[in-house]
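Notes for the one structure printed next.
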Amino acid sequence: MLDISFIRQNAEIVKTAMINKGEKDATVVDKVLKTDTEWRQTVHKLDSLRKSNNDTAKQISVLMREGKKEQAQEYIKQTGAMKAEIKELEEKEKQLNAERGNLLLRIPNVPHESVPVGLTEKENEEVYRHGELLEADYIKPHWELAKEFSWIDFERGVKVTGAGFPFYVGSAARLQRSMINYFIDKALERGYTELQAPYFVNEDSARGTGQIPDKEDMMYTVPRDEFFLIPTAEVPVSNFHRNEIFEEKELPKNYVCYTPCWRREAGSYGKDVRGLNRLHQFDKVELVKFVKPEESYNELEKLREDAEHLLQELGLTYRRLLMCTGDMGFTQSKKYDLEVWSPGQKRWLEVSSCSNFESFQARRMMVRYRNEKGDTEMLHTLNGSGLALPRVMAAVLETYQQPSGKVEIPKVLRPYWGDKDYL
RNA sequence: GGAGAGAUGGCUGAGUGGUCGAAAGCGGCACCCUGCUAAGGUGUUGAACCCUUCCCGGGUUCCGAGGGUUCGAAUCCCUCUCUCUCCGCCA
C-alpha cells in the first residue's frame, strides 16, 4: 500500500508507474484522490460535530453535579439532532474509508528509478553471469538420475497425497537436509537471526503480506480452523513484527527462516512442472530484512550477495536478472531474480528473487521505527530466497554427475556428509 | 474436550457511569547534584487520523475485537477472540 499523501503529491508518477507495471488503466489514482478528498471532508465534519457533542455532555455533567436538573434537560433535548447527524456521518465516513482503502490496495508500488521499463520478461536485464554453460553427452536431466538411483519417488507421492508432493529418499533426502543446514549456517555467519515459524497463518497475516485479497488462490487453506498454509516463510516472518515500533538502534533486523512452502499452482503443466521444477510442496530458506528507509537499496544489494554467495560456493552456474517494471510484481519497487543453469534441461531455473518493498508492506502491516527526530515512520522491508531447494537440488544433481554415472557432493556440503565425496 | 478466572499505556498495576488517555510504581529520555560509579532530585515519556504547518498549536478516535444502552462508557448489556488455573488427553 502506498502512502496516500505521496499519491496526493505525485499522482502523475503513480499513474506512470501503474502503466509501466502493465496495468491497462490508471484512473484508480483519480478515484482514490476523489474519495480521499470526500473522506477527509467527512472526517472533518464528523470531528467537529463530535466535539460539540462532547462539550454538551461536559456541560450536562457540570449542571447535574450542581443539581440544576431542568437546565440539564434542556441540553439533553438538544443532543438528539446532533446524535442523528453524527450517526449518519459515521456511516458515511466508514463507507468512504472502506472505499478509499480498497482503491488504495489496487495501486501497485512505484518502481525505483534504476528499474528498466518494460512489460514482458524480454525486457528483464541480465546484469551478471557466473560460471560456464556445462555441456556433455552423458548429462541427464535430474528426473532420470532420480529414477535410476531411486532418489525421488514421485509415484508414491501421488499415492500418498497427490501430484507435486514427492518423497525424497536416502541420499536425496540427506542432500536436501544438508543444503538446508548449509544455507542457514551461512546466513548465521552473515549476521542473520534464525527463526522457526508457524506453517499456518491466520487471515490477518495473509492480508499483511498481501496474499489476500488477490492471491488467495495460490494458498492451501484449513477451512475448519480458518488458517492458510504458508506459500513462503515471507508471510510468517514479515508478520512477526506486525504492529510494532522499533527504536532506530534496533535496526536492521535480519532473519533467516527455513520452512516448507505450499502452493496450489493451479493451471501449471508441461515441461515447467517436470521433475522438481514446480511442486505443490517444497522447501525454502528465506531471508527477511527490516531496515531504515535510507539503507534499503544498499541492503538489497547485500541480500542479493548473500544469496549469490551460496550459488557460487556450490559451484553452480547462474545469472542475475534485474526485473523490468512489468515483470517485477505488484508490491516490489526493485527486484532481482537469480536463475541457476540446469545442464540436464538446458534451461535457466529461478531459485531466488530478492526484492525491496520499500514501505509498501510495512504500511500494510504497520511496522514502524522511531527516527532521530522521535517521530514514528514506516520502515522498509526486503526479502529474498536463500535459496529454494528443489531447483538447486536439480541443478546440483545435473551439474555434479560424472561420466561414470556417479554424482559428486559439492565441497561445501561435504562437512554435512562425514566428508564423503559422492552421493 | 470440561470447569473457573481474566484481558487497561514499554512493563507491573489502580480505576465499576461524568474534568479518565487513564493513579501509582518500574523502565526510557532530558536536565540537576556528584571527582567517577551508585544513590538522589526535577521534568518529560502511548498510537492512529483530521486541520494548521517554518515552528507552535487545535481537534477526533483508541483501555482485547465487534455491536448495543446512555446527554455521557475503561466502567453497564450482547457476541466473538485470546490468555491463565484446575481436570482430562497427549509428542
Side-chain angles (χ1 to χ4, degrees), chain A residues 1-9 32-105 196 198-208 212 222-228 236 239-251 253 290 359-379:
Chain A
M1 182 164 54
L2 284 178
D3 182 2
I4 184 71
S5 63
F6 176 83
I7 302 177
R8 276 179 213 140
Q9 284 154 30
V32 83
L33 288 176
K34 185 166 169 271
T35 311
D36 178 57
T37 305
E38 233 179 299
W39 173 77
R40 283 191 291 163
Q41 285 165 353
T42 308
V43 163
H44 196 61
K45 246 189 271 178
L46 184 58
D47 281 357
S48 50
L49 217 53
R50 274 173 173 158
K51 172 164 167 49
S52 48
N53 195 44
N54 290 345
D55 289 345
T56 309
K58 267 177 206 154
Q59 292 190 41
I60 291 168
S61 138
V62 171
L63 291 171
M64 298 289 260
R65 212 170 318 123
E66 290 170 357
K68 296 176 181 165
K69 284 241 166 96
E70 291 89 57
Q71 253 180 299
Q73 278 305 321
E74 284 302 305
Y75 277 110
I76 290 174
K77 266 184 224 159
Q78 279 178 28
T79 59
M82 230 181 329
K83 280 186 73 184
E85 202 177 342
I86 286 175
K87 192 137 200 173
E88 202 176 299
L89 278 173
E90 275 175 344
E91 286 300 317
K92 191 176 173 195
E93 185 274 336
K94 211 188 244 180
Q95 187 233 319
L96 282 169
N97 193 29
E99 195 180 326
R100 173 178 173 266
N102 287 335
L103 291 169
L104 216 42
L105 289 179
Q196 285 191 359
Y199 297 165
F200 300 168
V201 294
N202 58 30
E203 205 184 310
D204 284 343
S205 297
R207 186 170 292 111
I212 50 175
V222 186
R224 186 169 173 183
D225 298 290
E226 298 183 316
F227 292 138
F228 297 88
N239 278 284
F240 187 57
H241 289 302
R242 172 151 47 89
N243 273 316
E244 293 184 14
I245 302 174
F246 289 98
E247 295 304 323
E248 194 181 1
K249 61 180 179 223
E250 293 176 284
L251 300 175
K253 287 261 180 198
F290 297 82
S359 59
F360 198 82
Q361 277 188 336
R363 188 164 297 104
R364 214 176 229 235
M365 292 193 290
M366 292 294 276
V367 194
R368 293 149 290 170
Y369 80 107
R370 226 178 293 282
N371 63 23
E372 311 109 335
K373 279 157 66 190
D375 299 327
T376 58
E377 187 182 335
M378 298 298 163
L379 46 70

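Just so it is clear, the model here is predicted, and its values are computed rather than measured. Side-chain atoms are counted along with the backbone in the values below, which use heavy atoms only and exclude waters and symmetry mates. Numbers restart at 1 for each chain; the letters A, B, ... are given by sequence-line order, proteins then strands.
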Taking the side chain of [X] as heavy atoms from C-beta outward, which of [options] is closest to it?
X: K83(A); options: C50(B), G72(B), A48(B); answer: G72(B)
X: A57(A); options: A48(B), C71(B), G67(B); answer: C71(B)
X: R40(A); options: A47(B), G18(B), C50(B); answer: C50(B)
X: K87(A); options: U69(B), C49(B), G67(B); answer: U69(B)
X: W39(A); options: G67(B), C71(B), C50(B); answer: C50(B)

Whole angstrom is fine here: how far is it from [atom1] in [X] over to [atom2] in [N]?
X: I245(A); N: G9(B); atom1: CD1; atom2: C1'; result: 12 Å
X: D3(A); N: A48(B); atom1: CG; atom2: P; result: 12 Å
X: K373(A); N: U53(B); atom1: NZ; atom2: C1'; result: 12 Å
X: L89(A); N: C50(B); atom1: CG; atom2: C1'; result: 14 Å
X: E93(A); N: C51(B); atom1: CD; atom2: P; result: 13 Å
X: F246(A); N: A47(B); atom1: CZ; atom2: P; result: 16 Å
X: E244(A); N: G9(B); atom1: CD; atom2: C1'; result: 16 Å
X: E248(A); N: G28(B); atom1: CD; atom2: P; result: 19 Å

Inter-nucleotide [atom1] distance ([N], [M]), Å rounded:
N: A22(B); M: U45(B); atom1: P; value: 11 Å
N: G9(B); M: A5(B); atom1: C1'; value: 23 Å
N: C63(B); M: U8(B); atom1: C1'; value: 4 Å
N: C49(B); M: G43(B); atom1: P; value: 32 Å
N: G10(B); M: U69(B); atom1: P; value: 31 Å
N: A74(B); M: G18(B); atom1: C1'; value: 13 Å
N: C84(B); M: U12(B); atom1: P; value: 14 Å
N: U70(B); M: C86(B); atom1: P; value: 43 Å

Residues two or more places apart in sequence or in another chain: which of them pass ring pair (Phe, Tyr, Trp, His ring centres under 6.0 Å) with [X]?
X: F228(A); value: none
X: F290(A); value: H241(A)
X: Y199(A); value: W262(A)

Exercise. What string of B, S and - do you get for nucleotides 58-63 of chain B 5' to 3' if you count protein non-hydrogen atoms under 4.0 Å?
Worked result: -BSS--
For this session: Could you encode protein contacts along nucleotides 73-84 of chain B as a string, one character per nucleotide from 5' to 3', using B for base contact, S for sugar-phosphate-only contact and - for no contact, with a heavy-atom cut-off of under 4.0 Å?
Result: ------------
Problem set entry | OP1 or OP2 of A48(B) under 4.0 Å from side-chain N/O of R368(A) | yes
Exercise. Does a nitrogen or oxygen in the side chain of T376(A) sit under 4.0 Å from OP1 or OP2 of A48(B)?
Worked result: yes
Exercise. Does a side-chain heavy-atom distance below 4.5 Å link L103(A) with R100(A)?
Worked result: no
Residues in salt bridge (Lys or Arg N to Asp or Glu O under 4.0 Å) contact with [X], at least two apart in sequence or another chain:
X: D55(A); result: K51(A)
X: E248(A); result: K292(A)
X: K77(A); result: E74(A)
X: E90(A); result: R50(A)

Problem set entry | Exercise: identify the closest heavy-atom pair between S52(A) and M82(A) | OG-SD, 3.5 Å
Exercise. Which part of the nucleic acid, if any, lies within reach of M366(A) when heavy atoms closer than 4.0 Å are counted: base, sugar-phosphate only, or nothing?
Worked result: sugar-phosphate
For this session: Report which part of the nucleic acid T79(A) touches: base, sugar-phosphate, or nothing (heavy-atom distance under 4.0 Å, all strands).
Result: sugar-phosphate
For this session: Go through the structure and list residues passing side chain to side chain contact (heavy atoms under 4.5 Å, CB included) with I245(A), not counting sequence neighbours.
Result: R368(A), R370(A), T376(A)
I'd like a table of donor-acceptor pairs (distance under 3.5 Å, sequence neighbours excluded) in which one partner is a side-chain atom from residues 38-46 of chain A, with atom names and distances.
| from | atom 1 | to | atom 2 | distance (Å) |
| --- | --- | --- | --- | --- |
| W39(A) | NE1 | E93(A) | OE2 | 3.0 |
| R40(A) | NE | D36(A) | OD2 | 3.4 |
| T42(A) | OG1 | E38(A) | O | 2.8 |

Exercise. Heavy-atom count around F246(A) CZ within 6.0 Å, excluding the residue itself: above 12?
Worked result: yes
Seminar exercise, completed: RNA chain B nearest-nucleotide lookup for K94(A) and D36(A): closer to the 5′ end is D36(A)
Seminar exercise, completed: For RNA chain B, the expected dot-bracket line (Watson-Crick or G-U under 3.5 Å, [ ] crossing, | inter-strand) is ((((((((.[[[..)..(.....]]]((((((.......))))))((((((.....)))))).[[[[[..)....]]]]])))))))....
For this session: Decide whether N202(A) and S205(A) meet the rule of one side-chain donor and one side-chain acceptor closer than 3.5 Å.
Result: yes
For this session: Using atom types as modelled and distance alone, determine if a side-chain donor or acceptor of D3(A) lies under 3.5 Å from a backbone N or O of S5(A).
Result: yes
